[in-house]
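Just so you know, ligand 1 is whichever comes first in the structure, and atom 1 is the first atom listed for that ligand.
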Amino acid sequence: MSIAFLNGEFLPLSEARISPLDRGFLFGDGIYEVVPSYQGKLVGMVPHIERMQSGLASIGIKFDWSMDKWQTVIDQLLEQNGKGNLGVYIHVSRGADTKRFHAYPDNVEPTVFLFCYDIPSSPTADASKTKGLKVNTQQDLRWQRCNIKSTSLLGNVMHFQQGYANGYHESLLFNENNELTEASSCNAYIVKDGVVITPPLDNQILPGVTRKILLDILRKDGSITVEERVVNMHEVKNADEVWITSSSKDIAAVIEVDGQPVADGKIGPVWQKAMQLFSEQKFNY
Ligand SMILES: Cc1ncc(COP(=O)(O)O)c(C=O)c1O
């Protein structure tokens, strides 16, 4: 049975209840995270919680749990859910008001909700055992604050669904200048002439924790050059490799964009090297 944490209490997920006046429910007024855990070992807990704290501050939700408090609650939740391969979903909304009114209310207790769900085992760095992904491209029609990991995900959900309904694994998004932003639930990269290139952090993309860890690992290793710069869609279509990253996917190789193979349509050697380094070092973060 899945055990959740809601407002200070561990309880069966099926028994967890919130008020219909919760602003997370009415307005998507909240921040969330998903932290992967493989056999009890978390990847990137500190950067995930730091991003959550910065998201909460940016929308004026006062919630001051220390890193130790987060660690304790997450550890207890994993303990109660059997420590398999689990995604830990963490959600803090502004809380339940007594009325529906847009302005931030005073003196409302934030709602804190965590639960775990099964995820596949840690992805392998072996190209022969890895499935390349097929993606489409769509103009990015989300809001201008994609750097905030808001629970208001309808824009992302609609982009994902448009690809999914047409048989694609993900959708790469481009802005009105025909520049790559990210994917509907992942950060995006191209590889050209051995260089890994990814759009810079700004309001158009989420500062992904996997992106942060990957770039740090690659820069420290030094064998693969990394650039953070604007990437146009012509470059995406002519890349040697295309990747997407997220906490649930690690680094996923894309082998087809809009029905056209990426280079020779096979997973590339830079992915192989980067994924090997990432797999070896991700539990250090
Ligand atoms: C829009 C978007 N971009 C990027 C990411 C990747 O972020 P992370 O690596 O922190 O999972 C996600 C993950 O949910 C996302 O939703």
Provide the closest heavy-atom pair for R142 versus T181 in the form atom of the first, atom of the second, distance.
-> NH2-OG1, 4.2 Å

Identify the protein atoms, limited to N or O, that lie within less than 3.5 Å of an N or O atom of ligand 1, and list each pair with its distance to 0.1 Å.
residue, atom, partner, partner atom, Å
ligand 1, 3 (N), E182, OE1, 2.7
ligand 1, 9 (O), V209, N, 3.4
ligand 1, 9 (O), T210, N, 3.0
ligand 1, 9 (O), T210, OG1, 2.6
ligand 1, 10 (O), R51, NH1, 2.9
ligand 1, 10 (O), R51, NH2, 3.0
ligand 1, 10 (O), V209, N, 2.8
ligand 1, 11 (O), S247, N, 2.9
ligand 1, 11 (O), S247, OG, 2.7
ligand 1, 14 (O), K149, NZ, 2.9

Side-chain H-bond candidate by donor/acceptor type, D258 with T137, under 3.5 Å = yes

Under the ring-ring contact (aromatic ring centres under 6.0 Å, His included) test, residues paired with H234 that sit two or more places apart | none

Quick one: list whatever passes salt bridge (Lys or Arg N to Asp or Glu O under 4.0 Å) with E241, sequence neighbours left out.
-> none

Kindly say whether the aromatic ring centers of H91 and F115 come within a distance under 6.0 Å.
->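 For H91 and F115, the ring centres are not under 6.0 Å apart.
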
Please collect all salt bridge (charged side-chain N to carboxylate O under 4.0 Å, His left out) contacts where either partner lies in residues 87-111, sequence neighbours excluded, each pair once.
->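 Passing the test, one end in residues 87-111: D29-R94.
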
